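Beneath this line is the structure, given in structure tokens, with notes to follow.
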Amino acid sequence: VASYAALIDVLGQAKDDKGVWYFLDQMKNRGLWYGDKPFNILIRIYDRVGKLQEAERTFEHMKAVGCRPTIYTYTSLLQCLVKAQCIERAEQVFHEMQRAGCSPDTVAYSVLICGLCKVGKLEYARTFLEDMVAKGCTPDVVTYTTVIDGFCKAGKVDEAQRLMADIVNNGITPDVHLYSALINGFCKTGCMDEANKLLDEMTSKSCEPNAITYNTLIDGFCKAGRLNDAIMVLDLMVQKGRRPTVVTLNILVDTFCKIKNVDECVTIKKKMREIDCVPD
RNA sequence: CCUGGCGGGACUUU
């Protein structure tokens with residue numbers, strides 16, 4: 001069984017669903033069984049390749065052969081549904097797991113809340129945030145990031161900021177994902193100085209910005225027409241030892257295509273050449 | 001009593 005488990009694990013990483021089914025079938029023929037794991041692996045493969053129907057089929061299949069879905073199974077399926085924006089079905093699965101005696105944990109709640117935020121149901125998402133607390137399930141920094149990102153993407157940065165205060169009151173330490181999401185909210189609403197302040201704040205709290213954080217600010221400054229500030233952030237990024245990524249390059253290329261000022265073109269061209277990265 | 005190293009979150013193009 002251990003050999004099969006290891007094998008199926010590797011096949012899962014390789015997204016080889018046919019291989020997993022093949023060895024699952026072979027195990028069954030040899031009277032071996034190791035529970036829900038292979039099915040979870042299959043559902044995660046189908047999540048990664050965007051085959052929701054196959055994930056649902058796998059879920060039905062495991063139940064049909066008498067294998068109980070676990071919290072990992074339900075959460076993986078929820079993740080598939082959220083990615084496919086099938087939010088009603090996700091809620092249905094969320095209820096089904098409870099009926100089956102499987103209590104959602106922080107991760108399961110986070111996935112559902114993320115899905116609700118992605119389709120713009122922000123207030124409804126917040127009811128689940130309250131619901132989970134009532135059930136003794138503590139929202140963590142990931143849960144809050146999904147909600148804050150949701151409000152930011154809806155342009156409600158003020159609301160996001162209010163949630164940020166709750167986080168600190170609940171004793172949660174904001175991490176780089178959370179700061180980046182909030183910085184993105186300020187950038188997208190044109191509040192570049194607020195965004196920059198947050199960069200300083202996170203640095204002062206020894207939460208080091210990563211490439212995504214810098215890219216977010218660089219893009220914000222470029223779109224705000226503040227090319228010099230964008231380049232200052234880029235230089236800071238390099239100075240702090242964060243390698244620009246292909247996204248950094250794409251931001252500069254996009255900006256380059258849209259500007260009309262010749263001097264700025266020259267500046268950007270120089271910066272684009274400095275980025276040692278294969279274009280995608 | 002314990003037990004899952006990728007079950008969940010942030011950047012560019014619309």
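Both backbone and side-chain heavy atoms feed into the values below; hydrogens, waters and symmetry mates do not. The chains referred to below are lettered A, B, ... by the order of the sequence lines, with proteins before strands, and numbering in each begins at 1. Note that the structure is predicted; figures quoted are calculated from it, not measured.
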- Task: Ignoring backbone atoms, test whether A:Lys83 places a side-chain nitrogen or oxygen under 4.0 Å from the OP1 or OP2 oxygen of B:rG9.
- Result: no

- Query: Minimum heavy-atom separation for A:Pro69 to A:Met62, with atom names?
  - Reply: CA-CE, 3.7 Å

- Query: Hey, are A:Asp200 and A:Thr203 close enough side-chain-wise for a donor-acceptor pair under 3.5 Å?
  - Reply: no

- What string of B, S and - do you get for nucleotides 3-8 of chain B, 5' to 3', if B is base contact, S is sugar-phosphate-only contact and - is no contact with any protein heavy atom under 4.0 Å? -B-BBB

- Item | B:rG7 versus B:rU3 - spacing of their P atoms, nearest Å | 15 Å

- From CA spacing to verdict: side-chain contact (heavy atoms from CB on, under 4.5 Å), A:Cys222, A:Ile251: CA-CA 8 Å; A:Cys222 284; A:Ile251 291 165; 4.2 Å; yes

- Item | Integer-rounded Å distance: B:rG9 C1' and A:Ile167 CD1 | 11 Å

- Query: Can you pull the side chain to side chain donor-acceptor pair (under 3.5 Å) pairs that have at least one residue in residues 78-90 of chain A, sequence neighbours excluded?
  - Reply: A:Asp47-A:Lys83, A:Glu56-A:Arg89, A:Arg89-A:Gln92

- Whole-Å distance, A:Phe256 CZ to B:rU13 P, equals 18 Å

- Message: Side-chain N or O of A:Lys223 versus OP1/OP2 of B:rU13: is the shortest distance under 4.0 Å?
- Response: yes

- Item | Phosphate OP1/OP2 of B:rU12: any A:Lys188 side-chain N/O under 4.0 Å | yes

- Query: Taking all non-hydrogen atoms of both residues, which atom of A:Thr216 and which atom of A:Cys187 are closest, and how far apart?
  - Reply: O-SG, 3.7 Å

- Query: Expressed in angstrom and rounded to an integer, what is the separation of A:His177 atom NE2 from B:rA10 atom P?
  - Reply: 8 Å

- Query: Nearest-Å distance, NZ (A:Lys118) to C1' (B:rG9)?
  - Reply: 7 Å

- Which is true for A:Thr216 with a 4.0 Å heavy-atom rule: it touches a base, it touches only sugar-phosphate, or it touches nothing? sugar-phosphate

- Message: As a test of your reading of the structure, name each stem of RNA chain B as range with range, where a stem is three or more consecutive Watson-Crick or G-U pairs at under 3.5 Å.
- Response: none

- Query: Among B:rU14, B:rU12, B:rA10, which is the nearest nucleotide to the side chain of A:Lys258?
  - Reply: B:rU14

- Contacts of A:Thr75 that satisfy side chain to side chain donor-acceptor pair (under 3.5 Å) - sequence neighbours left out: none

- Query: Considering residues at least two apart in sequence or located in another chain, which fulfil the side chain to side chain donor-acceptor pair (under 3.5 Å) criterion with A:Thr146?
  - Reply: none

- Message: What contact category does A:Leu178 fall into here, base, sugar-phosphate, or nothing, at under 4.0 angstrom with non-hydrogen atoms?
- Response: base

- Query: Looking at RNA chain B, which of residues 205-214 of chain A put a heavy atom within less than 4.0 Å of it?
  - Reply: A:Asn210, A:Ile212

Could you give the side-chain donor-acceptor pairs of residues 266-280 of chain A under 3.5 Å, partners two or more places apart or in another chain?
from     : atom 1 : to       : atom 2 : distance (Å)
A:Thr267 : OG1    : A:Asp263 : O      : 2.9
A:Lys271 : NZ     : A:Asp235 : OD1    : 2.9
A:Asp280 : OD1    : A:Asn250 : ND2    : 3.4

- Note on the structure: Between CG of A:Leu163 and C1' of B:rG9 the distance, given in whole Å, is 14 Å

- Query: Looking at residues 265-280 of chain A, who's got a heavy atom less than 4.0 Å off RNA chain B?
  - Reply: none

- Message: Other residues, nucleotides and ligands only: do more than 12 of their heavy atoms fall within 6.0 Å of CE on A:Met27?
- Response: yes

- Message: I'd like the P distance from B:rG4 over to B:rG8, given in whole Å.
- Response: 15 Å

- Item | Test salt bridge (Lys or Arg N to Asp or Glu O under 4.0 Å) applied to A:Glu130 - qualifying residues, sequence neighbours left out | none

- Query: Base, sugar-phosphate, or nothing for A:Lys15, non-hydrogen atoms under 4.0 angstrom?
  - Reply: nothing

- What is the distance, rounded to the nearest whole Å, between atom CG of A:Leu182 and atom C1' of B:rG9? 14 Å

- Note on the structure: Scanning both residues in full, the closest heavy-atom pair of A:Gly12 with A:Ile41 reads CA-CG2, 3.6 Å

- d(CD1, A:Ile251; P, B:rU14) in whole Å: 13 Å

- Task: Keeping to residues at least two apart or across chains, list the ring pair (Phe, Tyr, Trp, His ring centres under 6.0 Å) pairs with something in residues 97-153 of chain A.
- Result: A:Phe94-A:Tyr109, A:Phe94-A:Phe128, A:Tyr124-A:Phe128

- Message: Suppose the criterion is side chain to side chain donor-acceptor pair (under 3.5 Å): which pairs have a residue in residues 27-38 of chain A, not counting sequence neighbours?
- Response: A:Tyr4-A:Arg30, A:Asp36-A:Asn40, A:Asp36-A:Thr70

- Task: For A:Asp149 and A:Thr145, indicate whether the former's side chain and the latter's backbone hold a donor-acceptor pair under 3.5 Å.
- Result: no

- Take atom C1' in B:rG9 and the same atom in B:rU13, then report the distance between them in whole Å. 22 Å

- Write out all pairs satisfying side chain to side chain donor-acceptor pair (under 3.5 Å) with one or both partners inside residues 5-18 of chain A, taking only residues at least two apart or from two chains. A:Asp17-A:Tyr46

